[in-house]
Amino acid sequence: MSDKELHPDTLAVRAGIERSQFNEHSEALYLTSSYVFDNAAQAAARFTGSEAGNVYSRFSNPTVSAFQTRLAALEGGEACVATASGMSAILSTVMGLMQGGEHIVASHSIFGSTVQLFSTVFPKFGVTTSFVNGPDLAAWEQAVTPKTRLLFVETPSNPLTEIVDIAALAAIAKRTGALLVVDNCFCTPALQKPLALGADLIVHSATKYLDGQGRVLGGAVVGRADLVNGGVYQFLRTAGPSLSPFNAWVLLKGMETLAIRMRAQSDNALALAQWLERQPAVERVYYPGLASHPQHALAMRQQTSGGAIVSFEVKGGREAAWRVVDATRVISITGNLGDTKTTITHPATTTHGRISAEARAAAGIGEGLLRVAVGLEHKDDLIADLSRGL
Ligand SMILES: Cc1ncc(COP(=O)(O)O)c(C=O)c1O
């Protein structure tokens, strides 16, 4: 049966399985760094690529391949390359597809390490980035130069859940000859399908919702086969920021419950956001599922729900924000997100603490801002936990 005939819930559980001679039911974990050849001629043929087959786990492993096949099926992508982390997915995309002298346009509101990578690492190799206000489509168009190779966007963004119109940005990318890369970390394919909206590539931090239980690091690049199997894979196989088979196996198991987790965590997040909006100590709530979100209509068009991240600004700046964090007893104080356990973060001093004050201000990350990545606990316990410090 082809993947195209199956519902995503089924693909999340079934796609990518290739049974060994032992007929195991659960996905096998192949912990091996290399593979044995029948003879010298076969070894030579495998190394040149004239014969298909595994050679070395830096660039191919059956468990990693199963993860790649499953994620490609869920995203509706032609191909997928797995990486050691979300950051190495972004690194491999740029190193694999760009040349010195070329240019990226990215939204201001992206993950702090992505800002760092674009503004301090890539310029060393002659790749520069212009940052624009994500929802302002005219700003993207104006920032494109003849050297622009990539448009890079996170939607919803971390941490302000800013929404960018993927289909409109894809049209700009096509018109200008650039590639559109979407970081689909916050929504995952369970809630949003950027490739169907015209994106060329998706990058993932699999560390987040694809695992969903805060256990392993991982990442992936999904999309057009010529780009993924061409430049991105060629960079990965040579430079080696590869996903470990063990992590791939954990991620495969995580993906089986992706859709039901995303639905349940989104429901919890909506309840929490609605409650936060009614609290006098809260200045503003950022959640795409709320009618008060400036891009609520767009979010509901390109996503199937608001997602599980709620950010909010408390009155009283850093002191008040830290008081809320320190008063929690159930919610975990940690930088990660995408876990079944709810987490709380003060972005200005943690995830976005290394970027410059100007970049933070441009991204709208104030001292009173808190980000809650809502998990699967009962919503009443989460509300009680936040109300302690508000
Ligand atoms: C939106 C987004 N993209 C990328 C990353 C980087 O992923 P990783 O930590 O797996 O390298 C993160 C991490 O928090 C993220 O939130």
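Position 1 is the first residue of the sequence, and the numbers go up from there. As the structure is a prediction and not an experimental result, all values here were calculated from the model. Note that these values count all heavy atoms, side chains included, but never hydrogens, waters or copies made by symmetry. Just follow the structure's listing: the first ligand is 1, and inside any ligand the first atom is 1.
Summary of contacts: the protein heavy atom closest to atom 4 (C) of ligand 1 is Asp183 OD2, 3.5 Å. For atom 7 (O) of ligand 1, the nearest non-hydrogen atom of the protein is Ser205 OG, 3.0 Å. Of the protein's non-hydrogen atoms, Thr207 OG1, 2.6 Å is the one closest to atom 10 (O) of ligand 1.
Applying the 4.0 Å criterion to heavy atoms of Lys208 picks out, from ligand 1, the atoms 7 (O), 9 (O), 12 (C), 13 (C), 14 (O). Residue-ligand proximity, Asn158 to ligand 1, at heavy-atom distances under 4.0 Å covers atoms 16 (O).
In terms of polar-atom proximity, defined here as any N/O pair under 3.5 Å, Glu154 makes no such contact with ligand 1. Where the criterion is an N or O separation shorter than 3.5 Å, residue side chain and backbone included, Phe111 fails it with respect to ligand 1. For ligand 1, the polar-atom distance check against Met87 finds a nitrogen or oxygen pair separated by under 3.5 Å.
Neither side chain, Tyr287 nor Ser292, offers a donor N or O lying under 3.5 Å from an acceptor on the other. A donor-acceptor contact closer than 3.5 angstrom is absent between the side chains of Ser332 and Thr334. Counted by atom type alone, Arg261 and Thr257 present one or more donor-acceptor pairs between their side chains at under 3.5 Å.
The shortest separation from a heavy atom of His204 to ligand 1 is not under 4.0 Å, leaving the residue out of contact.
In the hydrophobic clustering of ILVMFWY residues, with side-chain heavy atoms under 4.5 Å counting as a link, Trp275 and Phe312 come out together.
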Salt bridge (charged side-chain N to carboxylate O under 4.0 Å, His left out) between Asp9 and Arg263, intermediate numbers included: CA-CA 12 Å; Asp9 287 359; Arg263 285 178 214 135; 3.0 Å; yes
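Residue Leu298 forms a side-chain contact (heavy atoms from CB on, under 4.5 Å) with just one option from Met300, His296, Arg301, and that option is Arg301. Checking each of Ile331, Asp385, Val314, Val282 against Val324 for a side-chain contact (heavy atoms from CB on, under 4.5 Å) leaves exactly one that passes, namely Val314.
Counting only non-hydrogen atoms, the option in Ala206, Gly219, Gly218, Gly86 that gets closest to atom 8 (P) of ligand 1 is Gly86.
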